[in-house]
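Notes to accompany the following structure.
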Amino acid sequence: MSILVIAEHDNKELSPATLKTLAAAQAIGGDIDVLVAGEGCQAVADEVAKADGVSKVRLADNAVYGHFLAENLGTLVAELAKDYGHILAPATTTGKNFMPRVAALLDVAQVSDIIAVESADTFKRPIYAGNAIATVQSEDAIKVITVRATAFDAVAAEGGNASIEAVDTVIDNDKSEFVGEELAESERPDLTAARVVISGGRGMQNGENFHLLEKVADKLGAAVGASRAAVDAGFVPNDMQVGQTGKIVAPELYIAVGISGAIQHLAGMKDSKVIVAINKDEEAPIFQVADYGLVADLFDVLPELEQAL
Amino acid sequence: MKILVAVKRVIDYNVKVRVKADQSDVDLANVKMALNPFCEIAVEEAVRLKEKGIADEVVVVSIGPKAVQEQLRTALALGADRAIQVETDDMPDSLAVAKILKGVVEKEEPQLVILGKQAIDSDNNQTGQMLGALTGMPQGTFASKIDMADGSVNVTREVDGGLQTVKLQLPAIVTTDLRLNEPRYASLPNIMKAKRKPLDVTTADELGVNVARTVKLLKVEPPAERSAGVKVADVAELVDKLKNEAKVL
């Protein structure tokens with residue numbers, strides 16, 4: 001049976017999470033089609049067509065999909081799903097929003113947030129905030145799956161040459177509508193896609209001091225994150241939060257600054273390849289997961305680090 | 001306006017989870033159980049809407065063995081008016097829960113259904129959306145703000161890039177994120193009062209729902225442990241190690 005992957009994008013560019021979801025699809029095995037649903041998103045379809053291992057791109061380009069409303073997208077995907085054995089989407093807020101609707105419309109269970117593919121019907125997924133890993137086997141004829149993108153290495157973005165086929169199905173509804181959005185504007189890389197992430201915690205003391213992190217981030221081409229403590233204290237907005245209830249990241253280098261290392265935070269970053277902790281409290285639990293620990297005052301260390309890089 | 005709130009009994013979020021020696025599941029024997037934190041936020045939001053005079057009744061529902069009555073009493077102590085237990089032997093999966101809730105929705109006809117965005121045990125994040133698909137109701141998931149209007153609700157949602165607002169026609173479904181509110185503590189008089197509030201018991205069979213699972217749990221393991229590394233003396237040593245040992249700079 002073939003696999004349908006739902007592309008994540010903003011109508012202009014493909015999200016790297018899609019290339020990682022394609023890697024999960026390749027691990028399952030079979031022909032892979034990708035659905036690009038959006039408005040004015042031909043460029044995204046062209047991008048997906050070049051990705052490694054894609055057989056066919058299905059493009060549903062219509063205003064009704066412009067804001068990825070779950071009511072419209074869920075019904076569209078459920079209608080297309082009947083030709084496939086697996087439906088995969090990244091476990092982003094968009095994927096989490098519409099995929100359970102797809103599963104319910106198909107009358108099947110959903111397997112959420114997989115981190116490994118054992119076979120075409122058996123997957124590993126974290127439960128209890130990553131404090132346990134479950135291996136689950138799905139008996140459903142169509143397997144609806146969301147993928148934790150950070151657990152998979154992206155397929156090559158170039159090299160493929162898939163055909164693009166238009167999907168004419170238009171699904172609209174009169175019960176939900178998009179009103180507006182406030183998206184954080186940043187020159188820095190996206191937290192979940194960055195090679196390096198530097199995060200600040202309550203030890204930063206206030207939001208202005210995050211400039212110290214930003215200066216280091218600029219030297220490293222890093223994204224800037226925060227612990228829940230820093231977000232709850234009002235230092236920075238919630239979309240910067242790394243942790244169980246925020247974003248899950250797994251960069252090559254994660255630098256935790258003034259973060260004590262609550263389980264909540266560790267759940268969001270402990271799969272990073274190299275972890276550095278900078279904290280003046282040598283008893284801080286963050287040091288138990290750090291490859292390199294520096295016990296020092298962050299207000300001395302950060303300017304020094306910026307100079308040294 | 002009537003609000004239905006669905007709540008789940010889960011391990012207390014302060015308890016450290018342990019995997020059973022035979023790897024069949026996590027060990028829940030003699031472990032403190034509590035109301036799922038996101039569900040607590042859902043109850044709080046419903047009670048606040050009642051206190052503002054927007055809602056006139058808050059009904060809480062939970063699905064599972066008799067023990068879930070404890071969490072229903074907690075919700076009643078927080079201010080819900082009455083409770084429904086849908087008795088099942090085990091905890092059914094999200095799709096079965098959504099089907100059961102659909103049955104309850106058809107009986108109760110609420111204008112708003114509020115659920116937690118996910119339970120902190122299975123971390124599925126599915127039930128509210130599935131209920132939306134089954135009932136045809138629109139959904140506002142991961143809500144950080146709810147503004148009720150005449151016949152509709154504006155829901156501000158926490159999305160990866162920031163915030164998004166959608167307008168939903170009632171009846172609608174909302175799932176809560178952490179920043180929607182800070183739940184109150186139940187006062188002793190309210191805990192006493194909650195014992196006398198109505199709690200009805202029904203079953204999945206009575207609602208005509210089959211709770212058989214199609215996803216089997218084969219094994220549960222602890223995650224790979226990360227061991228502590230080394231302490232460095234200063235920034236120079238740190239940068240040197242990152243460049244020459246870890247080779248990430």
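Reminder, nothing fancy here: chain letters follow the sequence lines and each chain counts from 1.
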Are A:D232 and B:R179 close enough for a salt bridge, meaning some N to O gap below 4.0 Å? yes

Does A:E182, at its CD atom, have more than 12 non-hydrogen atoms belonging to other residues, nucleotides or ligands within less than 6.0 Å? no

Pick from B:L95, B:L238, B:T165, B:V215: which one has the most heavy-atom pairs with chain A under 4.5 Å? B:T165

Nearest-0.5 Å distance, CG of residue B:L207 to NZ of residue B:K107: 5.5 Å

Say whether A:N173 and A:S176, considering side chains only, have a donor N or O and an acceptor N or O under 3.5 Å apart. yes

Can you see whether A:S112 engages B:Q126 through a side-chain donor-acceptor pair at a distance of less than 3.5 angstrom? yes

Just so I understand: if I count every heavy-atom pair under 4.5 Å between each of B:L163, B:V166, B:V220 and chain A, which residue has the most? B:L163

With chain B, the option among A:E181, A:K273, A:Q307 that has the most non-hydrogen atom pairs under 4.5 Å is A:E181

Given a strict heavy-atom distance threshold of 4.5 Å, which part of B:L217 is in contact with chain A: side chain, backbone, both, or neither? both

Which one of B:Q129, B:K243, B:K117 has the most heavy-atom pairs closer than 4.5 Å to chain A? B:Q129

Which answer fits B:V159, side chain, backbone, both or neither, if we ask what part of it has an atom under 4.5 Å from a heavy atom of chain A? both

Counting only heavy atoms closer than 4.5 Å, note whether B:A119 contacts chain A via side chain, backbone, both or neither. neither

Against chain A, residues from residues 7-27 of chain B with at least one heavy atom under 4.5 Å, in numeric order, are B:I11, B:V17, B:V19, B:V26

Between B:T214 and chain A, which part of the residue has a heavy atom less than 4.5 Å away: side chain, backbone, both or neither? both

Interchain contact, B:L168 with chain A, by part (heavy-atom threshold 4.5 Å): both

Quick one: do A:D300 and A:K280 make a salt bridge, cutoff under 4.0 Å? no

What heavy-atom pair brings A:P303 and A:L298 nearest, and what distance separates the two atoms? CD-O, 4.2 Å

Between B:A98 and chain A, which part of the residue has a heavy atom less than 4.5 Å away: side chain, backbone, both or neither? neither

Whether over 12 other heavy atoms sit under 6.0 Å from B:K2 NZ: yes

Write out, in numerical order, the residues from residues 135-142 of chain B with a heavy atom short of 4.5 Å from a heavy atom in chain A. B:G136, B:M137, B:P138, B:Q139, B:T141, B:F142

Identify which of B:K216, B:Q169, B:E225 forms the greatest number of heavy-atom pairs closer than 4.5 Å to chain A. B:K216

Region of B:D160 in contact with chain A, defined by heavy-atom distances below 4.5 Å: both

Please determine if B:R226 and A:D291 form a salt bridge, counting it only when a charged side-chain N lies under 4.0 Å from a carboxylate O. yes

Heavy-atom check, side chain of A:V144 versus side chain of A:M99, under 4.5 Å: yes

Would you indicate whether A:K247, at its atom NZ, is surrounded by more than 12 heavy atoms from other residues, nucleotides or ligands within a distance under 6.0 Å? yes

Answer with yes or no whether the side chains of B:Q71 and B:S62 bring together a donor and an acceptor at under 3.5 Å. no

